[in-house]
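Following: one structure in structure tokens, then a few remarks.
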Amino acid sequence: MIKFKRETFKTILLTILIIASMIQMGIQWSQQVQGFLFPFIAKIFNGRDKYVAENIDILKYRYFVPENVIVSISPTTSLWKLDQNDSYFNKIWNDMKDNYFPAMIGKKPDKVISKAQWEEITDIRCIRIDFRVNWPSEIILPLESASSSDFKGFGSVKSIAVLPQADVNETVNMVYVYDGAQAYQYQVHIGDGFLPKSFYLKIADELDSQNKSRLSILSAVTNFESPSDILVSLNREETSCYSALKLDIPPSIILNMSNIDSIQDKILLDKKDTLVAEYNESAGEILFTDTENLYKLYNNGVFEYQYLPTGSKQAGTVSAAFSRAISFIELRRDLMENVDIVLTNIEKEDSYYEMHFGYRHDGVNIYYTKGSSGERISSPLIIKANAERVLDCKWVIRDITKSEKPKNYSLYFIDLINKIPYLYPEIFKREKPYFECIEPGYIFGPNNHGELISPSWIISTDLKDYFIPLLEKEG
């Protein structure tokens, strides 16, 4: 009996020691691998952290979304631009990501064509899906449960073109994937679950019969130059509804002494109890730091993070670095739940990837500028990350909401052209005016909070950015 009790006691003690050692290993591991977002215990008890970790590939689809879908008939006619609020956009994109991407990733391209040939084929009747950033295939492949080591196709995706008339077979669609330098041709068999080929053949006629607004390519109707297709309306009656947007610092991170606990919850997450705080009220900032991490929040809602140890580690894969970046964002996503956060650029450096993100509200881009004279449009969210962790972050955090009843604004291009010589005459002093961007949108700076912003024309040349308020249309 005594022997039995002794053996039972040993078993219990050994179990306790094993559990304690596992917890200690988990804590040590989580401190070393910041990119996985949570310590060992929090992984079990923190539902938000657990959800982000388990659904990281699903969350990537929030970011891997086209800028727009273009439907064209011929190079000499106007075309239609569909955004995320359009039902056709969503049907086409769902068909691409759910059906066409898996089919193309599973086979070699039938042919590779040059950039010049790509421009020729997209001039004819086609449906083109354009992305704001050139997406590396390393990020896309895990979304389709594919391995980059076995993949022999496109290296990145800047645009996709579907040419339903290029193949007479009703069960085959011709698709091209453009990476910015060349395009990859695929003959995709239309299987179960695909949209029928007739959908793509008839979409232009359907848009025409519904009197959907048509646009023209800027360089085709003027002597202006641009590095990519800029679409403008030549319809005098063309209008669109926009609301003024209210920009506020989220109440949970307004910087004052009584709000410190809330700031720690929202910014530091599971590290809230392990970092030393230093609040400088006169400077309008608060620091949270330990030997490895520095978090800083300013009273204008700008949040910064730095991983302090320096070293020459490799950048690792872009897919892993992107996962670190969006995990960092998604764990704080409730601070900006009313807007879409979109990837606008990604660049590889020696030991990290620098990723730029912008904001979009109801399909309309919200641009950021630092406000200094001569400053170009920047990014409100910039993250540097490698495959192991986020190394640096600068984030202008805003709660963005509609504030007023939508108003009608003119999108007639000639109205804009008539304004430019009076407001910015230098644009037209060049022999051939050059534009990189002309689109309606919003603009804000680091000190825009607690106020309204109204829609403007966002105009970019190769030298400077300009902002001209949209003309309100009566009636």
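For this chain, numbers begin at 1 and follow the sequence in order.
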For [X], side-chain contact (heavy atoms from CB on, under 4.5 Å) partners two or more places apart:
| X | result |
| --- | --- |
| V318 | P136, E138, I139, I346, Y353 |
| E225 | K432, Y434 |
| Q165 | R125, L201 |
| K402 | S243, L245, H361, D362 |

Just to verify, what does [X] make a salt bridge (charged side-chain N to carboxylate O under 4.0 Å, His left out) with, not counting sequence neighbours?
| X | value |
| --- | --- |
| D399 | none |
| D98 | none |
| D462 | R430 |
| K111 | none |

Under 3.5 Å side-chain donor-acceptor pair for Y352 and E347: no

Pair D248 + K246: basic N to acidic O under 4.0 Å: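 Between K246 and D248 there is a salt bridge, with a charged N closer than 4.0 Å to a carboxylate O.
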
Geometric class of the F322/W135 ring pair [parallel <30°, tilted 30-60°, perpendicular >60°]: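 Perpendicular: the ring planes of W135 and F322 meet at over 60°.
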
With [X], which residues qualify under ring-ring contact (aromatic ring centres under 6.0 Å, His included), at least two apart?
| X | result |
| --- | --- |
| F154 | F151 |
| Y186 | none |
| Y100 | F194 |
| W80 | none |

R332 to F328, cation-pi by 6.0 Å centre distance and 45° axis angle: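 Satisfied, under 6.0 Å and within 45°.
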
